[in-house]
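Have a look at the structure below, then the notes.
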Amino acid sequence: MTHCQTPLRLFNTLSRSVEEFRPMASPKVRLYACGPTVYGRAHIGNFRTFLFVDLLRRVLVLFGFEPEHVMNYTDVDDKTIAAAKAASLPLREFTNQYIALFEEDLKTLRILPPDRRPRATDHIELMIALIEDLIRKGHAYVGEDGSVYFRIASFPDYGKLAHLDRRGLQPGARIAQDEYVKESVGDFALWKAWKAEDGGVGWASPWGKGRPGWHIECSAMSMHYLGQEFDIHCGGADLIFPHHENEIAQSCCATGKAFVRTWLHCSHVLVDGEKMSKSLGNVYSVADVLAKGYTGRHLRFLLLTASHYRQTLNFTWEGLAAAKAAVDRIDDWLARWRRLPPTRFAASAPEGEAFLASFCASLADDLNISDAVGRFFDFLRATNRAMDLGTLLPDLPSIWEIVDSVLGLGTVGPIEALRPPSAHPNAEAVILAGETPPLRVQELLARRAAARSRRDWKESDSLRKAIEEQGWTVRDTPEGQELRRR
RNA sequence: GGCGGGGUAGCCAAGUGGUAAGGCCGGGCUCUGCAAAAGCCCUAUGCGUGGGUUCAAUUCCCACCCCCGCCUCCA
């Protein structure tokens, strides 16, 4: 189902410019995204990045590509080891919990699960083989401490992605304690020798017991699943340096190939204009947002559409309330046309075509979702007006399918009519919640229907209030009462 | 210091060398028993500040003032 014919243009961090995207073996697109380090609950900043990857993936499909999406779990590093130890749990058991929570949050945010989600600890042999290869080729060496380091001096292009030259890597204030064992400050660990604080965590290797450095896992797993050279590698902007720079160095030196064609990076989230930090108490998880009465769809809409992915996104509760209002408006629009008979929709209509063309054009321009959504709201208003007037509509069902393939909001619940013989006679109402209202609400609804037929407005109003108190909203339409979850 | 990203209405935000998308909030109106929803109208003579180029700049150039990120923990 290719709907957008326009060439897709993306900003490549490598060239710092917007380029037409052309995969190596179109329509296949091999896509690798750096995943979370699973030592704690991920926060909304993390999810902005994963939502960006989700957007990219959905847009690729919309433009006729077939992405194969791989995302890793970093389940071994200083933090996971320390946190597992603090929790008195084996590393694997500890990280399992956070992977489960993360996947639950992905589902809440309606993020499509990556095709593969490899864990670092399941691929230690691959990493060891890669490190051996780098040593063999003279790009890595074993330090006095038994750790293996990558020699950045052996890779002339080092710094190409981050646009840092070696002068920027001179010894500074933050010299690592293991400095004396490395040839150069910029050299980074491929393999870390076992230390007492690692406890039971460690794997046998040609250099003794130890564990992989952070960067090597992504090189090993991405090349293993996607090939030595693949199309897109993406992640948060903070990963540009050193993580992705180091991945490039390792991978290119090992294979002599270009590794990745297009690098994409998503900017960070601020909260109330400030960087999230535990000391400020502004690090929010998906669960925190749900606890305030918002849904995953509200948060998704905010993080996905509030600004361009290369722009810093300032999260505020006020902004989330605005996102909820916008989603509610979309839901009302959906509920409205979904109840219409098929005869109201034209098979093809110029306004529908024009809208889709502009929607595609916006997304083709480096995933300009804000602009695309702006077009969508124009279209929403135009079709609402057509519904007011009762004129023929564009093919809304198929157009929405396309729009929602990107927005990922879904269509909430089935539109059902609740009428006798339901639990309560006269409780007829259209339900827009996707869940059956409790008997108490059905009863109130029935009484209200009766009051309304008597034109007892006072009773009708107090029953509406009672229904509100049960967490439901009732509206009156020419077709009768309409019930929805508040 | 090096590299990079920003400053557009009450809030969020797109955008263009030709006179400011969209969302939220607010005000008015239509419809309605009421309410809600929906629609219509209004809400930046203005796009950080000062210069310059141009017939024309928010959009290009120069200078300046703020804010933020990265520079081997970090989505």
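Order of the sequence lines fixes the chain letters, A, B, ..., with proteins taken first and strands second; residue numbering starts at 1 for each chain. Both backbone and side-chain heavy atoms feed into the values below; hydrogens, waters and symmetry mates do not.
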### Task
Using a 4.0 Å heavy-atom cut-off across all strands, classify A:His43 as base, sugar-phosphate, or nothing.
base
#### Entry: Ring center gap for A:Phe150 and A:Tyr158 short of 6.0 angstrom
no
### Summary
Letter by letter from the 5' end, nucleotides 23-32 of chain B scores (B base, S sugar-phosphate only, - none; protein heavy atoms under 4.0 Å) SS--------
### Of residues 69-79 of chain A, the positions that come close to RNA chain B - non-hydrogen atoms, cut-off under 4.0 Å
A:Lys79
### Summary
Of the candidates B:C12, B:G5, B:C34, the side chain of A:Gln311 sits closest to B:G5
#### Entry: Expected output: side-chain A:Lys182 to main-chain A:Val185 donor-acceptor under 3.5 Å
yes
### Query
What pairs with A:Cys360 under disulfide bond (SG atoms under 2.5 Å apart), at least two apart in sequence or on another chain?
A:Cys4
### Task
Apply side chain to side chain donor-acceptor pair (under 3.5 Å) to A:Glu245 and list each qualifying residue two or more places apart in sequence or on a separate chain.
none
### Task
Give the B/S/- string for nucleotides 65-70 of chain B, one per nucleotide from 5' to 3', where a protein heavy atom under 4.0 Å of the base yields B, of only the sugar-phosphate yields S, and otherwise -.
----SS
#### Entry: A:Leu380 vs A:His243, nearer the 5' end of RNA chain B by closest nucleotide
A:Leu380
### Query
What does A:Arg336 touch in the nucleic acid at a heavy-atom separation under 4.0 angstrom: a base, only the sugar-phosphate, or nothing?
sugar-phosphate
### Query
Taking RNA chain B as the partner, which of residues 455-470 of chain A come within under 4.0 angstrom of it by heavy atom?
A:Trp457, A:Ser460, A:Asp461, A:Arg464
### Message
Restricting to side chain to side chain donor-acceptor pair (under 3.5 Å), what partner residues turn up for A:Arg336, sequence neighbours left out?
### Response
A:Asp388
### Near-strand residues of residues 361-372 of chain A, defined as heavy-atom separation under 4.0 angstrom from RNA chain B
A:Asn368, A:Ser370, A:Asp371
### Message
Test of understanding: with salt bridge (Lys or Arg N to Asp or Glu O under 4.0 Å), list the residues that count as partners of A:Arg116, not counting sequence neighbours.
### Response
A:Glu68
### Task
Looking at every strand, decide which applies to A:Trp214 at a 4.0 Å heavy-atom threshold: base, sugar-phosphate, or nothing.
sugar-phosphate
### Summary
Contacts of A:Arg448 meeting side chain to side chain donor-acceptor pair (under 3.5 Å) (sequence neighbours excluded), chain-then-number -> A:Ser460, A:Asp476, A:Gln481
### Query
Out of A:Leu51, A:Leu8, A:Ile232, which residue meets the side-chain contact (heavy atoms from CB on, under 4.5 Å) rule with A:Leu56?
A:Ile232
### Message
As a test of understanding, state which of A:Phe188, A:Phe259, A:Phe155 forms a side-chain contact (heavy atoms from CB on, under 4.5 Å) with A:Gln250.
### Response
A:Phe188
### Query
Below 4.0 angstrom from OP1 or OP2 of B:C40, is there any side-chain N or O of A:Arg385?
yes
### Task
Look at the side chain of A:Lys79 and the backbone N and O of A:Tyr39, then say whether any donor-acceptor pair between them is shorter than 3.5 Å.
no
### Which residues share a side chain to side chain contact (heavy atoms under 4.5 Å, CB included) with A:Arg329, sequence neighbours left out
A:Phe377, A:Leu380, A:Arg381
### Task
Taking side chain to side chain donor-acceptor pair (under 3.5 Å) as the test, write out the residues that go with A:Thr121, two or more places apart.
A:Asp75, A:Arg92
### Query
Which part of the nucleic acid does A:Gly45 contact within heavy-atom distance under 4.0 Å: base, sugar-phosphate only, or nothing?
base
